[in-house]
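Structure first, then comments.
Keep in mind the model is a prediction, meaning the values are calculated, not measured.
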Amino acid sequence: MCPWRNLRSWLCIGHSERQPPKGVLLAYGNPLLDISVNDDSCVSLLEKYELEANNQILAEEKHLPLYDELVATYPGKVEYILGGATLNTTRAVQWLLQRRKSTTYFGCISKDKNGDLIERKCKEAGVNVQFQYTDKEPTGTCAAVCTGSDRSLVTKLAAASHFTEEHLDAPTSWGLVEKARVYYSAGFPLTVSPASMLRMARHSKEEGKTYCMNLSAPFLCSIFKEPMMQLLPYVDFLFCNESEADEFARVHEFGTTDRKEIALKMAALPKEDSSRPRTVVVTQGPDPVLVAKDGKVTEYPVEQLPKEKIVDTNGAGDGFVGGFLSQLVQGKSLEECVRCGMYVGNVIVQQAGFTLPGSPSFA
């Protein structure tokens, strides 16, 4: 029997070692160009703009000068890197599968310099990008203010905020939705087009496919609670880190701070197809990964990297999910999914920004 029956149209007995078909994963997210600086003196910028280390927020009016200030203050240290949580994860899946156009990505950009760079780099990486375009705002950016192994992300969505459900109506786009077997989105598009997420999630449920989502940031659990909870009944795999799990539990009044209990309660929340139990995956930095399913929590110890090898933690969670999904679409066990997630997370934290070096060595 296949590990997940909703992948049975491809992953059947004797087929689990085949190369995944093109378009097996479809992701929708907010494409961004990261403006990243890693310098201990960036602490002053955290204080100036009232930012927290290891946090992610949407830019407010007071944060808008930050982007130019980063470039002006650290001209020799600024790096421009493909970003956006869902795009990071998609690129990681594509990198691991090593077959062009195994992944498809939806999002909105402008046809400007930054948008052209994102599109070109994605295509070079083998991702089948199907962008919606807008001339209302420039391509979105994210200021990544890194101080050693800590990072604070400030996102200016701009063009990304103009993605609409109408993009799914195009025959080419919906054809790719129908072709996919696994769907993924970070929680951030809940701020843009939750209707698009819900439409793909309903399709996934109706066709017996797999829908995956990430909580992505604590503020989404509270400020965007309503659209999140509309989507959750369709979510087969839910990812989050420790701070997101804690905030979710607080918002929903779980009455516990025990993360194992929190994960179990998240997994037990109502689901449209109750015959397919939800799996909840909670990463905890250097502490064990928790996987809750069927009323049981399994802990997976994390390989500890020497501190001197850690360059930048930005995107480690996105990488973990990418590694996990790369094995999920191949019908591998939960243990193998987690193991690959840890592998990619370790690769990412040893790079500056979300960069994927050469070819993967995961075996």
Side-chain angles (χ1 to χ4, degrees), residues 4 6-7 23-31 58 84-87 89-90 103-108 129-132 134 140 155 157 159-240 244 247-248 251-252 266-281 321 325 328-329:
W4 291 278
N6 47 311
L7 295 177
V24 66
L25 175 79
L26 188 146
Y28 158 49
N30 298 329
L58 293 176
T86 307
L87 183 53
T89 294
T90 306
T103 60
T104 301
Y105 179 85
F106 290 167
C108 188
V129 287
Q130 296 292 320
F131 286 125
Q132 188 173 25
T134 182
T155 298
L157 290 175
S161 67
H162 295 281
F163 187 91
T164 62
E165 189 180 355
E166 284 69 29
H167 186 65
L168 304 182
D169 294 330
T172 299
S173 298
W174 193 250
L176 291 167
V177 173
E178 293 182 319
K179 185 178 183 179
R181 293 292 174 266
V182 178
Y183 305 86
Y184 174 72
S185 181
F188 295 114
L190 290 170
T191 69
V192 176
S193 184
S196 298
M197 300 170 75
L198 192 56
R199 183 168 168 184
M200 287 187 277
R202 284 174 171 159
H203 168 82
S204 177
K205 182 258 179 181
E206 290 165 2
E207 298 297 323
K209 300 177 181 179
T210 301
Y211 193 88
C212 310
M213 188 183 79
N214 200 321
L215 294 185
S216 296
F219 78 89
L220 293 170
C221 300
S222 54
I223 300 176
F224 293 89
K225 176 183 176 181
E226 183 177 348
M228 180 181 286
M229 296 312 293
Q230 289 177 348
L231 187 64
L232 195 61
Y234 298 92
V235 175
D236 299 300
F237 285 81
L238 181 65
F239 300 92
C240 62
E244 294 149 10
E247 178 66 2
F248 191 95
V251 170
H252 293 275
M266 293 167 77
L269 287 169
K271 199 167 184 294
E272 280 291 318
D273 186 350
S274 59
S275 68
R276 294 166 55 190
R278 179 183 296 112
T279 300
V280 174
V281 183
V321 178
L325 294 179
L328 179 67
V329 300

Using 0.5 Å steps for rounding, measure from the [atom1] atom of [X] to the [atom2] atom of [Y].
X: Ser196; Y: Tyr28; atom1: OG; atom2: OH; result: 5.0 Å
X: Leu328; Y: Cys212; atom1: CG; atom2: SG; result: 5.5 Å
X: Leu238; Y: Asn214; atom1: CG; atom2: CG; result: 7.5 Å

_Single hit among Met197, Arg202, His203, Lys205 for side-chain contact (heavy atoms from CB on, under 4.5 Å) with Tyr211_ =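 So, applying the side-chain contact (heavy atoms from CB on, under 4.5 Å) to Tyr211 and each of Met197, Arg202, His203, Lys205, only Met197 qualifies.
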Quick check against the 3.5 Å criterion: does [X] have a side-chain atom that pairs as donor or acceptor with the backbone of [Y]?
X: Ser274; Y: Lys271; answer: no
X: Gln132; Y: Thr164; answer: yes
X: Thr90; Y: Thr86; answer: yes
X: Arg276; Y: Asp236; answer: no
X: Thr104; Y: Gly23; answer: no

Nearest heavy-atom neighbours spanning [X] and [Y]:
X: Lys179; Y: Arg181; result: O-NH1, 3.1 Å
X: Cys221; Y: Glu247; result: CB-CG, 4.0 Å
X: Pro227; Y: Pro194; result: CB-CB, 3.9 Å
X: Ser161; Y: Val192; result: O-CG1, 3.5 Å
X: Pro189; Y: Asn30; result: N-ND2, 3.9 Å
X: Ala85; Y: Ala186; result: CB-CB, 3.9 Å

*Between Cys240 and Phe248, is a side chain to side chain contact (heavy atoms under 4.5 Å, CB included) present by the stated rule, with each step listed?*
CA-CA 10 Å; Cys240 62; Phe248 191 95; over 6 Å; no
*asked:* Just by distance, no angles: are the side chains of Tyr183 and Lys209 close enough, under 3.5 Å, to form a donor-acceptor pair?
replied: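 A pair is found: one side chain offers a donor N or O, the other an acceptor, under 3.5 Å apart.
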*Is the closest side-chain heavy-atom distance between Val321 and Phe237 below 4.5 Å?*
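Of all side-chain heavy-atom pairs linking Phe237 with Val321, none is under 4.5 Å.
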*What do the steps show when you test Glu244 against Leu220 for side chain to side chain contact (heavy atoms under 4.5 Å, CB included), and what is the final call?*
CA-CA 9 Å; Glu244 294 149 10; Leu220 293 170; over 6 Å; no
*asked:* Classify the ring geometry of Tyr184 against Phe239: parallel below 30°, tilted from 30° to 60°, perpendicular beyond 60°.
replied: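 Tyr184 vs Phe239 ring planes: perpendicular.
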*Do the rings of Phe188 and Phe219 sit parallel, tilted or perpendicular, given the 30° and 60° boundaries?*
tilted
_Residue pair Met228, Val251: steps toward the side chain to side chain contact (heavy atoms under 4.5 Å, CB included) verdict_ = CA-CA 12 Å; Met228 180 181 286; Val251 170; over 6 Å; no
Which atom pairs, one a donor and one an acceptor, fall under 3.5 Å between side chains of residues 167-174 and the rest of the protein, sequence neighbours left out?
{"residue": "His167", "atom": "NE2", "partner": "Gln130", "partner atom": "O", "Å": "2.9"}
{"residue": "Asp169", "atom": "OD1", "partner": "Arg199", "partner atom": "NH1", "Å": "2.8"}
{"residue": "Asp169", "atom": "OD1", "partner": "Arg199", "partner atom": "NH2", "Å": "2.9"}
{"residue": "Ser173", "atom": "OG", "partner": "His167", "partner atom": "O", "Å": "3.0"}
{"residue": "Trp174", "atom": "NE1", "partner": "Glu178", "partner atom": "OE2", "Å": "3.4"}

*Should Met266 and Leu232 be marked as a side chain to side chain contact (heavy atoms under 4.5 Å, CB included) after you check the CA-CA gap, both sets of side-chain angles, and the distance that decides it?*
CA-CA 10 Å; Met266 293 167 77; Leu232 195 61; over 6 Å; no
